[in-house]
Amino acid sequence: MTNPGPDLKDPAEDRLAARQAPSGIRELTARELARWSWRQLTSMRTALILLLLLALAAVPGSLIPQTNQDSVKTTNWQLAHTTLAPIYNRLGLFDVYGSAWFAAIYILLMISLIGCIVPRLFVYWRGLRAQPPAAPRNLTRMPAATSYTTSESVADVTARARTVLGRKRYRLRRNDPARTGEVAAERGYLREAGNLLFHISVIVVLVGFAVGSLFGYKGGVIVLVGDKYGFSNELTQYDDFDPGSLFRPSMLNQFSLHIHDFEVSWLKSGPRQGMAEGFKSDIRYETSANGPTKDYRLEVNHPLDIGGTEVFLIGHGYAPEITLRDAQGHIVSSGPVVFLPQDQSFLSFGVVKPPSSKVALQGLFYPAEVTLPNGQPANVTGDIGDKSAAVLSFQAFKGDLSKQTGSIYTLDTTGLTKVTAPGGKAFNLHVGQTAKLPDGLGSVTFDDVIHWNKLQISQTPFKHVALGGVVLALLGLLGSLFIRPRRVWVRARETADGTLVEVAVLDRSGNDEVGAVVSGLVAQLQGRTEEDEA
Amino acid sequence: MSQHAWEMLSNRAVATAAVIYFLALLSHLVEWSALIGRRRTAVEERTLVNAGGVPDVPDVPVEAPAAFTPEDEDRAERVALFGRLGYLLTCLAAVAHLTAVVSRGFAAHRVPWGNMYEFTLAGTLIVALAYVLLYARLKLAWMAPAVVFFVLAILMVGVLVLYTPVEPLTEALHSYWLVIHVISAALATGAFTLGGIASLIYLIKRRRPDVTTGWMSRVPALATLDRVAYRIHAFGFVLWTFAVLITGPIWAHQAWGSYWNWDPKEVWAFITWVVYAGYLHARATAGWKGRNAAILALVGLATLWFNFIGINYFSTTSQHSYAGLPAGGASVSTPGGQNQQDSVVPVQPPTV
């Protein structure tokens with residue numbers, strides 16, 4: 001499991017293994033079996049197959065709805081595919097990235113990676129301190145080699161070779177009295193360092209990622225805009241909460257916040273006219289009960305960091321203030337009700353269903369209602385302006401509301417009786433208006449409308465470790481891909497025709513243009529050009 | 001100039017670029033058709049070997065030079081003329097293409113890669129520019145018809161299927177990471193595409209490596225093809241790592257509150273990364289070198305383009321949905337917000 005380089009898996013090792021293979025057939029001992037399995041697991045081919053398997057295993061998660069991404073969609077899918085759903089469920093296909101088989105692949109890959117890196121670290125350490133290897137006996141048999149004859153002396157040629165190679169930052173082999181007339185040099189040691197750095201960094205990233213997902217959490221909460229409302233960081237206050245498997249509630253940071261002010265700018269023209277262009281909130285928060293209050297301008301792409309817990313503004317909507325009265329005029333419920341936007345024009349849907357009440361409301365909120373030529377109401381913009389065109393359009397349901405379960409944003413109408421305005425229509429109210437419900441059910445008042453913000457609050461420990469790991473991995477990658485390690489040998493000896501100089505280059509990356517290196521080197525040795533080609 | 005005028009200029013420039021690319025393609029086809037049934041000349045033999053930069057390692061079995069005939073000379077002239085013409089036309093088209101992208105940016109008052117159409121426009125421009133600029137350095141003449149065809153085809157898909165009028169960005173895109181993240185992703189996409197073309201030609205050439213006649217004779221030797229493909233891929237891989245594993249997570253963290261969400265686009269970007277990592281390893285693994293590595297590179301390219309266009313047809317949960325199909329129109333004001341709200345929004349809005 002390493003980056004390119006022909007010397008990744010020592011071919012000598014293979015040969016050795018072949019030689020050591022028992023000639024007769026006999027059973028493997030446990031020790032041999034373990035050794036064999038370890039060899040297989042840490043072999044380059046296995047790593048490659050595991051890598052491809054990982055890619056393949058990631059595919060289903062992008063095509064099948066995933067529970068932790070979109071639980072509603074997943075449930076609907078399961079209801080629609082009654083045959084497949086149980087099978088998929090057993091295979092963990094609704095939570096691919098948390099499934100055992102996905103984990104198995106990357107854990108095997110990790111082991112393979114470590115099994116490859118550790119021995120290579122030692123090899124690299126030894127290689128760093130070793131001399132460049134001496135010239136092989138037959139230089140001209142090397143794949144990239146050449147020779148020429150010169151009138152210069154052997155000593156002059158080798159001296160020049162040492163200077164030329166030294167200037168190119170090659171590491172030179174010590175002069176050996178037994179090997180006069182030979183120069184051996186090597187360069188590109190950093191390639192393997194980059195390679196090792198890359199692979200170690202991959203492990204660092206995975207550790208960072210694992211810690212983040214095991215000990216972190218992600219939660220969502222809708223907070224009404226206004227100093228009266230707010231949020232304090234306790235488990236019970238979240239609307240949805242998705243903790244890592246080792247997260248404990250005691251890891252929650254202490255703070256509380258409220259949204260002092262909120263501002264949306266709406267697009268006034270263009271194809272997206274009526275949609276929100278941008279929004280920002282003025283947040284006030286405290287980290288202890290009697291600590292100072294701090295201000296923060298919260299925007300998309302500008303999260304607030306409170307001691308490692310981050311608060312993100314990710315959505316907004318309207319909450320009409322609705323007062324429900326019974327027949328005697330007593331208030332049954334009153335206050336803002338969060339309506340959820342259904343489209344980009346912020347046409348919103350919501351319900352009022354106080355358990356003690358006999359009446360529930362279900363309706364749409366039009367921030368800026370217009371009436372179409374066919375008499376149907378429509379909404380084209382979320383820009384509420386002076387609220388004069390804001391309309392709350394609802395139906396009432398009578399019956400027992402104490403058995404309502406499920407989301408607070410929906411109404412289960414089974415067992416309830418629909419109550420409509422005269423003519424079977426919905427009740428439509430502008431701000432400040434009241435509708436009297438028939439059958440002595442009381443009245444509904446649309447008092448006002450305020451904004452709400454959807455905040456995402458999360459804690460991701462070790463995220464800087466993961467980021468640092470990726471940055472180091474990239475550095476390593478640069479080294480391992482673009483540094484070209486090679487060995488160069490020059491041998492000069494006296495012959496009848498003068499001094500015969502042989503030059504050979506061994507490319508150790510598999511991607512080098514050795515021919516050009518050889519010719520460049522020869523040119524410099526002959527003093528033809530000082531051009532730095534190699 | 002008004003926004004509208006810039007937009008019109010951009011649209012016209014795209015049309016102009018497409019026409020010139022088409023002419024360039026025709027020119028290259030004439031060039032290559034002249035090669036059919038011809039033996040390689042000694043002069044070309046030498047240049048080809050040098051093209052690989054390995055003068056002492058003959059890539060191709062050198063044939064005895066065929067005798068020059070007037071017909072051969074005529075042919076060689078025609079090949080050279082139309083080759084040059086094709087390259088010149090490609091340069092011209094790339095200028096028009098660049099104009100289209102730049103004026104699109106002026107029309108929108110922002111970087112011109114805010115949606116699929118614009119990304120296609122910018123991505124193909126990068127392929128074209130990379131080819132034009134590397135043409136001399138990497139001696140890419142053999143790639144010409146494939147590159148021009150690819151750029152033209154994708155550009156046409158962009159215009160016909162993905163076109164959207166200039167519109168402002170959704171909130172989550174208001175970030176300087178849009179510049180860094182998307183440029184690196186687009187550059188990597190361009191590099192992988194060029195590398196993929198080299199690998200594809202490698203695979204075709206591999207079936208009959210010793211051909212000295214016909215259009216395959218124009219293509220450099222297998223070893224050279226493999227090395228060129230590797231270099232381009234290595235460059236692309238570094239950029240892709242930067243785009244997908246560094247800038248992507250940083251931006252995702254800022255905009256959506258979580259640096260890795262297993263969003264379909266992220267998953268496929270990761271798959272692409274893993275496949276290309278596999279390619280780099282395969283090139284150094286016995287039994288995987290050459291053919292299998294080249295196939296892996298093409299698989300990588302397929303996942304890359306599937307991620308860009310295909311995944312939008314399969315998945316609607318992607319937070320990258322602002323990059324969605326114009327017809328879908330299901331984009332939301334804040335991707336993360338919508339995603340979160342999905343868990344509480346009733347699926348069927350009630351009739352009131």
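Below, chains carry the letters A, B, ... as their sequence lines are ordered, and counting in each starts from 1.
- Residue B:W288 touches chain A through its side chain alone, counting heavy-atom pairs closer than 4.5 Å.
- The shortest side-chain heavy-atom distance between A:L477 and B:F242 does not fall under the 4.5 Å cut-off.
- To the nearest 0.5 Å, the span separating CZ on A:F198 from OG1 on B:T241 amounts to 6.5 Å.
- In plain terms, the two heavy atoms of B:H281 and A:M44 that are nearest each other are O-CE, 3.5 Å.
- Atom CG of residue B:L296 and atom CG of residue A:L52 lie 5.5 Å apart, to the nearest 0.5 angstrom.
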- Message: Test side-chain contact (heavy atoms from CB on, under 4.5 Å) on B:N261 and A:K218; report intermediate values, then the result.
- Response: CA-CA 11 Å; B:N261 303 289; A:K218 188 162 112 174; 3.6 Å; yes
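- Contact annotation for A:A466: only side-chain heavy atoms (C-beta onward) come within less than 4.5 Å of a heavy atom of chain B.
- Proximity to chain B involves both the backbone and the side chain of A:K463, based on heavy atoms less than 4.5 angstrom apart.
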- Evaluate side-chain contact (heavy atoms from CB on, under 4.5 Å) for B:W177 paired with A:N301, printing each intermediate quantity in order. CA-CA 10 Å; B:W177 290 107; A:N301 280 323; 5.9 Å; no
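- In this structure, chain B has no heavy atom under 4.5 Å from any part of A:V96.
- With a 4.5 angstrom heavy-atom cutoff, A:F209 touches chain B via backbone and side-chain atoms both.
- For A:I64, no part lies near chain B; criterion is any non-hydrogen pair under 4.5 Å.
- Taking every heavy atom of both residues into account, B:W268 and A:S62 meet most closely at NE1-OG, 2.6 Å.
- Looking at every heavy atom in both residues, A:A58 comes nearest to B:I271 through CB-CG1, 3.8 Å.
- A:A55 and B:V274 get closest at one heavy-atom pair: CB-CG1, 3.7 Å.
- Among A:V59, A:L478, A:L56, A:V471, the residue making the largest number of heavy-atom pairs under 4.5 Å with chain B is A:V59.
- Atoms CG and CZ, on A:L474 and B:F237 in that order, are 9.5 Å from each other to the nearest 0.5 Å.
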- Message: With side-chain contact (heavy atoms from CB on, under 4.5 Å) as the criterion, how do B:Y279 and A:L51 come out once you've worked through the C-alpha distance, each side chain's angles and the decisive distance to 0.1 Å?
- Response: CA-CA 10 Å; B:Y279 162 79; A:L51 203 57; over 6 Å; no
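- Contact check for A:L467 versus B:Y259: no side-chain heavy atoms found under the 4.5 Å cut-off.
- Taking the six-membered ring for Trp, A:H464 and B:H253 have ring centres at least 6.0 Å apart.
- Atoms CG and OG, on B:L280 and A:S480 in that order, are 8.0 Å from each other to the nearest 0.5 Å.
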